Amino acid sequence: MLLASREKEFICRKCGYVISIRHKAGLFCPKCGTILREKPKEKYWLFQFNPKIYRWHERIKETHSPERWLVSRYWKKISKGDAVILWSSGLEAGVCAFGKVITDPEIVELSVDEIKFWIDKSIIDKFKQKKSVLVEYLKVLDKPLSEEQCHSDPELCGLGVFLNPQGTNFRLKPVEWDRIVDLTCNL
Ligand SMILES: [Zn+2]
């Protein structure tokens with residue numbers, strides 16, 4: 001939902017009620033009377049994997065359980081509740097899945113079950129040194145939204161992954177998220 005620029009969203013920290021109002025402080029939840037606080041803006045990310053070094057497709061055939069992702073570049077910005085689009089590089093590049101970050105960044109070593117999907121074993125040490133998050137998959141696309149489709153779309157041609165394709169974590173604008181959702185609702 002697009003809000004007028006002066007309107008902000010507030011949330012009740014007790015019951016979770018969300019209200020959009022043109023006001024700053026001193027407002028109370030109409031449901032339970034608890035003081036409201038400003039609702040944090042939703043954050044969107046694109047996480048990229050390279051199928052030459054990580055067998056993501058094999059893993060997702062085996063399990064849809066939450067998956068651990070390094071958050072090297074934006075570990076101070078990424079947090080629990082953020083929305084994620086999963087992007088494959090390589091020959092069949094494009095959007096593969098939608099997910100949600102379900103933990104705050106922390107250093108967690110990969111388990112044996114997680115290690116087996118890494119072709120490039122040097123990555124295993126990175127998980128010992130750098131923070132990572134768990135991503136729960138909300139939707140896995142049977143047919144990816146291809147890189148070509150994104151590239152030729154006026155809303156998506158400026159994706160961070162096109163401008164500087166190195167790395168795992170990229171910022172995604174809310175309009176880019178919305179556009180990808182629109183383009184994939186029938187995939
Ligand atoms: Zn409330």
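Predicted model only: the values in this text are computed from it and were never measured. Counting starts at 1 for both ligands and their atoms, in listed order.
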Pairs of donor and acceptor atoms involving the side chains of residues 152-163, under 3.5 Å and at least two apart or interchain, shall be tabulated with distances.
unit_1 : atom_1 : unit_2 : atom_2 : d
Ser152 : OG     : Glu148 : O      : 3.0
Ser152 : OG     : Gln149 : O      : 3.2
Asp153 : OD1    : Glu155 : N      : 2.8
Asp153 : OD1    : Leu156 : N      : 3.4
Asp153 : OD1    : Arg179 : NE     : 3.2
Asp153 : OD2    : Arg179 : NE     : 2.8
Asp153 : OD2    : Arg179 : NH2    : 2.7

**Study point:** N-O pairing of Lys116 and Glu62 below 4.0 Å
**Key:** yes

Review point. So, Lys100 side chain and Leu138 main chain: donor-acceptor pair closer than 3.5 Å or not?
Key: no

Check your understanding: With distance as the sole test, does Gln129 use its side chain to make a donor-acceptor pair with the main-chain N or O of Lys126 at under 3.5 Å?
Key -> no

Review point. So which protein N/O/S atoms does the Zn ion (ligand 1) have within less than 2.8 Å?
Key: Cys12 SG, Cys15 SG, Cys29 SG, Cys32 SG

Review point. Going by the angle between their ring planes, with limits at 30° and 60°, are Tyr137 and Trp56 parallel, tilted or perpendicular?
Key: perpendicular

Check your understanding: Centre of Phe49's six-membered ring, under 6.0 Å away, within 45 degrees of the axis: is that where NZ or CZ of Arg59 sits?
Key -> no

